Amino acid sequence: MPTNRICNFNAGPATLPEPVLKEAQASLLDFQGCCMSIVEISHRSEPFDNVINDAIARTKRLLQIGDDFHVLFLQGGASLQFAMAPMNFLTDGRSADYVNTGTWSTKAIKEAQIQNKAHTVVASSEDRNFAYIPKDIRFNKDATYAHITSNNTIKGTQWAQFPDTGGVPLVADMSSDFMSRPLDMSKFGMIYAGAQKNIGPAGVCMVIIRDDMLKLIPDGLPTMLDYRTHASKNSMFNTPPCFAIYMVQLVLKWLEETVGGLAEMEKINRKKGDLLYGFMDETTFYQPTADKDSRSLMNVTFRLPSEDMEKKFIAEATQNGLGGLKGHRSVGGCRASIYNAATYENVEKLVDFMRTFEKNNA
Ligand SMILES: *Cc1c(COP(=O)(O)O)cnc(C)c1O
C-alpha cells in the first residue's frame, strides 16, 4: 500500500480498512484463482454465491441474530428506504411515529408525507438546530413502527441509548453508525444503512428486516419496491451491485477477524471519541456543536472562533495530510468523521495538529 494515503476524515464515501482495499485490489484481476475479476463473474455463479452468503452469515453473527431476520442488499441508497418503509408497512389505516433529529430524519418524514401515509412526528430537536437527541418521548402504542436516525451525520449527534417505544418496533436509519457498536436487535423491526459511511463503498444499502414485518406488506407494489421480492430471492431478483457487496463482505470479515467483533469495535470508537472530545473540552478555541450527552462517536462536529479561522484550519490541515474536515455545506463549520476504519493513530495526529494550530492562532 503506498504511504501517500492521507488521514481521511471524509463523511461519506469514507475511509475503509487498508487490508480490505488491498484484498479488493488483488481480486480485481483474479478473484480467488478463477482467472477472472470479481467484477467479471456472474452473480449466479458459485464464487459470488459464496460472497453474498458469507456476508449474510457474518452480519448475523456480528449482530447475534437468527433466521427471524433477513439480510438484504438493495440499491437506491438509504434515500430509497425513506420511501420504501412507509410504502411497505403503512397500508390498511396503519400509522408510524417519527423522531426528527436532523437533515436525514426530515427527508425520511418527507417521503411518508409525499405518499400520504399516516404518521406522527412524536419528537423533534429542531428548536435548537438539532444539537441534541430528544428524551422521554411518548410513542403511540398503536404505531406500526417508530422511525429514528441512529446517528446524525450532518448535525453530529447520536442516540446513546435507544428509546423505549413500549414494544413498537424501531425502524432505524443507521447509515452512519451501522456496525459501530453491539445492538439489542430485539428492539428493531428493520435497520437500513447505505454502505458508503461505515461498511463499504457506495452502491449498496444493507437492510436487516424482521420476518414478521414482511407480513404487513400489501400486494400490488412494484416488484422492485416490495421487500418480499428481495427477501425471497436472496437479494438476487435482478443483478445486485456485486462489487459493493464483495467489499462489504471484506469489511465484515475485517470486523469479525481483525477487530474481534462489535464490542471491541465500540471500545475503539469510544477511545477515539474520548480523545478528540476530551481535547476540545479543555479549550474554548474548538467548540463541539452537539450537547454533551448527544455527541456522535462517528461524526465530530465543531466550530472555531470565526468562519475565516475555520477556512484557515481546513486549508492547513489539508496541507498536513488531514483531509475531509469541512462541515456539511448546509451547516458549515468543521467535521471529523471517525468511522470504524479511522484509526486511533489518525485521531491522535488530528489532535496534535489541532493543538499546534490553536497555539499559532489563538
Ligand atoms: C448519507 C446518509 C443518508 C443518505 O444515504 P444515500 O445512500 O446517499 O441515500 C441517509 N441517512 C444518513 C444518516 C446518512 O448519513
Side-chain angles (χ1 to χ4, degrees), residues 1-2 4-28 37-39 51 55 59 72-82 102-104 107-108 149-156 158 173-180 191-207 235 240-255 259 265 268-269 272 296-301 314 317-318 321-331 333-343 346-347 349-350:
M1 190 64 58
N4 61 352
R5 286 169 55 77
I6 65 159
C7 298
N8 182 349
F9 300 104
N10 277 314
T15 185
L16 288 171
E18 278 198 13
V20 165
L21 295 174
K22 269 187 172 165
E23 191 169 342
Q25 186 183 37
S27 305
L28 210 54
S37 170
I38 176 69
V39 297
V51 166
T59 301
L72 311 180
F73 295 90
L74 307 187
Q75 297 185 66
S79 297
L80 184 60
Q81 294 311 304
F82 298 162
T103 316
W104 297 114
K107 288 192 177 183
T149 312
S150 59
N151 182 76
N152 299 282
T153 326
I154 295 173
K155 310 290 180 180
Q158 184 176 25
D173 174 4
M174 290 202 181
S175 293
S176 50
D177 70 351
F178 188 50
M179 296 286 182
S180 71
I191 287 173
Y192 59 94
Q196 71 274 17
K197 309 282 165 56
N198 213 21
I199 51 164
V204 68
C205 180
M206 280 190 81
V207 176
S235 300
C242 300
F243 185 68
I245 294 170
Y246 165 67
M247 292 219 37
V248 168
Q249 182 221 358
L250 295 183
V251 171
L252 297 172
K253 184 171 120 189
W254 171 81
L255 268 169
V259 177
M265 193 69 253
I268 299 167
N269 286 330
K272 291 185 289 183
S296 168
L297 290 179
M298 298 278 103
N299 309 98
V300 180
T301 51
I314 291 159
T318 308
L322 306 161
L325 292 167
K326 200 168 186 295
H328 190 267
R329 61 188 184 282
S330 64
V331 293
C334 301
R335 170 174 58 178
S337 295
I338 50 173
Y339 297 120
N340 285 354
T343 62
N346 283 0
V347 179
K349 283 183 196 157
L350 173 61

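Residue indices begin at 1 and follow the sequence shown. Remember, it's a predicted structure, so these values are computed and weren't measured experimentally.
- Within the model, atoms CD1 of Ile154 and OG of Ser296 stand 12.0 Å from one another, a figure rounded to the nearest 0.5 Å.
- You'll find the side chain of Cys334 reaches within 4.5 Å of the side chain of Ile314, heavy atoms only.
- Met179 is listed as a side-chain neighbour of Leu252, based on a closest heavy-atom distance under 4.5 Å.
- Here the side chain of Asn198 pairs no donor or acceptor atom with the backbone of Tyr339 at under 3.5 angstrom.
- Test Leu74, Ile191, Asp173 against Gln81 for side-chain contact (heavy atoms from CB on, under 4.5 Å) and you get one pass: Leu74.
- Counted by atom type alone, Asn299 and Ser337 present one or more donor-acceptor pairs between their side chains at under 3.5 Å.
- Results of the side-chain contact (heavy atoms from CB on, under 4.5 Å) test with Cys7 over Thr343, Asn346, Leu325 single out Asn346 as the only residue that passes.
- Note that OG of Ser37 is 9.0 Å distant from OH of Tyr246, once rounded to the nearest 0.5 Å.
- The heavy-atom pair separating Ala341 from Leu16 by the smallest distance is CB-C, 3.6 Å.
- Expressed to the nearest 0.5 Å, how far CE of Met298 lies from CG of Asn152 amounts to 13.5 Å.
- How far CG of Leu297 is from CD1 of Ile268: 12.5 Å, rounded to the nearest 0.5 Å.
- In this structure, the separation between CG on Leu21 and CG on Leu250 is 9.5 Å, given to the nearest 0.5 Å.
- Note on ring orientation: taking the six-membered ring where Trp is involved, the planes of Phe82 and Tyr192 are perpendicular (angle over 60°, cut-offs 30° and 60°).
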Any chance you could lay out the side chain to side chain donor-acceptor pair (under 3.5 Å) test for Asn151 and Ser176, step after step, and finish with the verdict? CA-CA 6 Å; Asn151 182 76; Ser176 50; 2.8 Å; yes

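- One finds the CZ atom of Phe9 at 4.5 Å from the CG atom of Leu350 (value rounded to the nearest 0.5 Å).
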